[in-house]
**Student:** 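Mind having a look at this structure? Questions to follow.
Count residues from 1 along the sequence.
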Amino acid sequence: MLASVATFLAYAIDKRAARFGRRRTPERTLLLLGLAGGWPGALLAQRVVRHKSSKASFQAKYWCTVALHLALLALLILQNR
């Protein structure tokens, strides 16, 4: 949950920076935050603050990280059976 909150805030801060022409958060950082467990917060931020939601190249990478995260989670669950 903390990773999702941190990721949501990172997206919101980057959106604000984009609006005011300030230094931006690298896309790689946003994707890594999502991969670290913050992907639900990233998804919420994409919907609420409408950031990175229409950039197709970013969306493709984002959904790949979500799939990778879920695959790793499934692998961990299966190994602990």
**Student:** What's the separation between atom NE2 in His51 and atom CZ in Arg19, rounded to the nearest 0.5 Å?
**Tutor:**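 CZ of Arg19 is found 10.0 Å from NE2 of His51.
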
**Student:** Can you give me the closest heavy-atom contact between Ala42 and Thr7, atom names plus distance?
**Tutor:**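 Closest approach of Ala42 to Thr7, heavy atoms only: CB-CG2, 3.7 Å.
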
**Student:** Shortest non-hydrogen contact from Lys52 to Asp14?
**Tutor:**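 Answer, listing the atom of Lys52 first, then Asp14: CE-OD2, 4.0 Å.
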
**Student:** Shortest non-hydrogen contact from Gly37 to Ala3?
**Tutor:**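 Minimum heavy-atom separation between Gly37 and Ala3: C-CB, 3.8 Å.
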
**Student:** Determine, using the 4.5 Å side-chain heavy-atom cutoff (strictly less than), whether Leu30 and Leu35 are members of one ILVMFWY cluster.
**Tutor:**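 Leu30 and Leu35: separate clusters.
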
**Student:** So with a 6.0 Å cut-off around CZ of Arg24, is the heavy-atom count from everything else above 12?
**Tutor:**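 Yes.
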
**Student:** Within the supplied structure, the quantity of interest is the number of heavy atoms (other residues, nucleotides, ligands) at a distance under 6.0 Å from Arg28 CZ; does it exceed 12?
**Tutor:**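 No, CZ of Arg28 has 12 or fewer neighbouring heavy atoms, counting only those of other groups under 6.0 Å.
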
**Student:** Please report, to 0.1 Å, the donor-acceptor pairs under 3.5 Å made by any side chain of residues 63-81, with sequence neighbours excluded.
**Tutor:**
from, atom 1, to, atom 2, distance (Å)
Trp63, NE1, Gln59, OE1, 3.2
Thr65, OG1, Tyr62, O, 2.6
His69, ND1, Trp39, NE1, 3.2
Asn80, ND2, Leu76, O, 3.1

**Student:** For Gln46 and Tyr11, which heavy atoms make the closest approach, and how far apart are they?
**Tutor:**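 Reported closest heavy-atom pair: NE2-OH, 3.5 Å.
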
**Student:** Grab the two heavy atoms, one from Arg50 and one from Arg47, that are nearest each other, plus how far apart they are.
**Tutor:**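 Result for this residue pair: CG-O, 3.6 Å.
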
**Student:** Any idea which heavy atoms bring Ala10 and Leu33 closest together, and the distance?
**Tutor:**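 In this case the closest contact between Ala10 and Leu33 is CB-CD1, 3.6 Å.
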
